[in-house]
Amino acid sequence: MSVLLTGGLGYIGSHTAVEMLEAGEEVVIIDNLSNSDKKVTNAIKEITGKDFKTYIGDVRDEKLLRKIFKKEGIDAVIHFAGLKAVGESVKKPVEYYDNNIGSTVALLKVMKEYGVKNFVFSSSATVYGKAKKMPIYEDFEIGGVTNPYGRTKYFIEEILKDLYVSDNSYNIALLRYFNPIGAHDSGLIGEDPNGIPNNLMPYITRVATGKLECLSIFGNDYKTKDGTGVRDYIHVVDLAKGHVKAVKKLRGNCGLKVYNLGTGIGYSVLDIVNAFNDVCGGKVKYKFAPRRAGDIDECYANADLAYKELGWKAERDLKDMCRTSYNFEQKHSK
Ligand code: NAD
Ligand code: UFG
């Protein structure tokens, strides 16, 4: 049986494809290349030495989905495909609802037609909004989201819960990612955003390689140890391995499960910059700038449930996250 990875040529999807193939799974990818490159297919093949099928197309295209389900013997789906830029989602809410929710609904309809009931969803720590205390557990209240992107994640979680109530023979894992950074050790795949990056690590790597001048640290007056924002950064390879475990769990008929995928450690922006400068020899210049609208002081997980139930925990440290991010930027980005 094969696992369908929607958005499998993107940042997290490509790393998951590698880990799935290396775990002996058959993989099929669908991606519309809206935020990725066809060349990633070859990179995944080069890393793993394994072959797999890639369909270039949109997950909202039900006709194409039917063709894939008919042909490929899919027994589980990992749904990465979606738009993910918070700021852009405020400007283009309809596109975000259409793409993120539309693709999920199309998938669920076609999965039903073909009797496929194992589903992993790429959710986000964003669904917790501004949590009242740290660390964040899976049973904390969700829904206090402040932008359309976050709302798509919350709404999709609710759709999947409704689906499970209607038919509890489904197996669904809602994986709430914290802040994925880092890249594959090979430097062949990684995060390569178009234009000026919104997220911290891609901005840092571009300052380190001279493509951007100076990092602006958004706020140094938060209620944190050094005043800068604190997040739970997780190596993308660790995150990818979590998906391999989640698919195994689904196949054991687990019902609906929610897991935080993070390290459980909160690092500040300054921690990240300092760790990165250790790796790259001090090339990251920074200045303090005003807070970014919508940012919260801190956000980090308790990830014990994933360890207890999936046997998964993050193993790579901050130095490894910085080293591999830098390696990828030096080798491969535009
Ligand atoms: P990404 O943009 O690198 O990957 C998403 C992939 O989906 C891209 O290759 C894109 O071309 C494809 N895609 C988008 N819409 C599509 C559609 N309608 N049909 C087919 N393909 C489509 O993003 P990523 O960082 O790999 O994120 C993967 C998932 O994880 C997303 O759902 C994202 O919201 C979620 N997530 C990401 C983060 C993060 O910080 N990276 C955090 C939490 C959750
Ligand atoms: N930051 C800077 N300068 C920058 C970019 C970011 O100081 O140029 C700071 C932010 O203020 C924040 C931290 O670095 O304190 C991390 O910011 P990111 O933009 O990298 O990540 P966020 O925590 O804001 O958001 C990310 C994803 C969201 C997701 C969320 C939770 O972008 O999509 O993690 O998973 F919802």
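Each ligand, and each atom within it, is numbered from 1 in the order the structure gives. Here the structure is a predicted model, which means the values were calculated and not measured. We're numbering straight along the sequence, starting at 1.
If you check each of Val59, Asn35, Leu239 against atom 1 (P) of ligand 1, the one with the closest non-hydrogen atom is Asn35. Across Arg231, Arg291, Arg292, heavy-atom proximity to atom 24 (O) of ligand 2 is greatest for Arg292. Considering only non-hydrogen atoms, atom 3 (O) of ligand 1 lies nearest to Tyr11 out of Tyr11, Tyr233, Phe178, Tyr177. Summarising the contacts of atom 1 (N) of ligand 2 with Phe288, Phe218, Tyr286, the nearest heavy atom is found in Phe218.
Of all protein heavy atoms, the one lying nearest to atom 26 (O) of ligand 1 is Ile12 N, 2.8 Å. Annotation: atom 17 (C) of ligand 1 to nearest protein heavy atom, Asn32 ND2, 3.3 Å. Residue, atom and distance of the protein heavy atom nearest to atom 28 (C) of ligand 1 are Phe80 O, 3.5 Å. Scanning all protein heavy atoms for the shortest distance to atom 33 (O) of ligand 2 gives Tyr149 CE2, 3.4 Å. Residue, atom and distance of the protein heavy atom nearest to atom 36 (F) of ligand 2 are Ser124 OG, 3.0 Å. In terms of protein heavy atoms, atom 9 (O) of ligand 1 is closest to Asp31 OD2, 2.6 Å. Of the protein's non-hydrogen atoms, Ser216 O, 2.8 Å is the one closest to atom 3 (N) of ligand 2. Here the heavy atom of the protein found nearest to atom 26 (C) of ligand 2 is Asn179 ND2, 3.7 Å. Among all protein heavy atoms, the one lying closest to atom 11 (O) of ligand 2 is Asp295 OD2, 2.6 Å. Protein heavy atom nearest atom 5 (C) of ligand 1, with residue, atom name and distance: Gly82 O, 4.0 Å. Among all protein heavy atoms, the one lying closest to atom 24 (P) of ligand 1 is Lys84 NZ, 3.8 Å. Given atom 34 (O) of ligand 1, the protein heavy atom at minimum distance is Tyr149 OH, 2.7 Å.
For Ser123, every heavy-atom contact with ligand 1 shorter than 4.0 Å involves the backbone, none the side chain.
Residue Leu33 approaches ligand 1 through these ligand atoms, each under 4.0 Å from one of its heavy atoms: 11 (O). Near Asn99, meaning under 4.0 Å from any of its heavy atoms, are these atoms of ligand 1: 15 (N), 16 (C), 17 (C), 18 (N).
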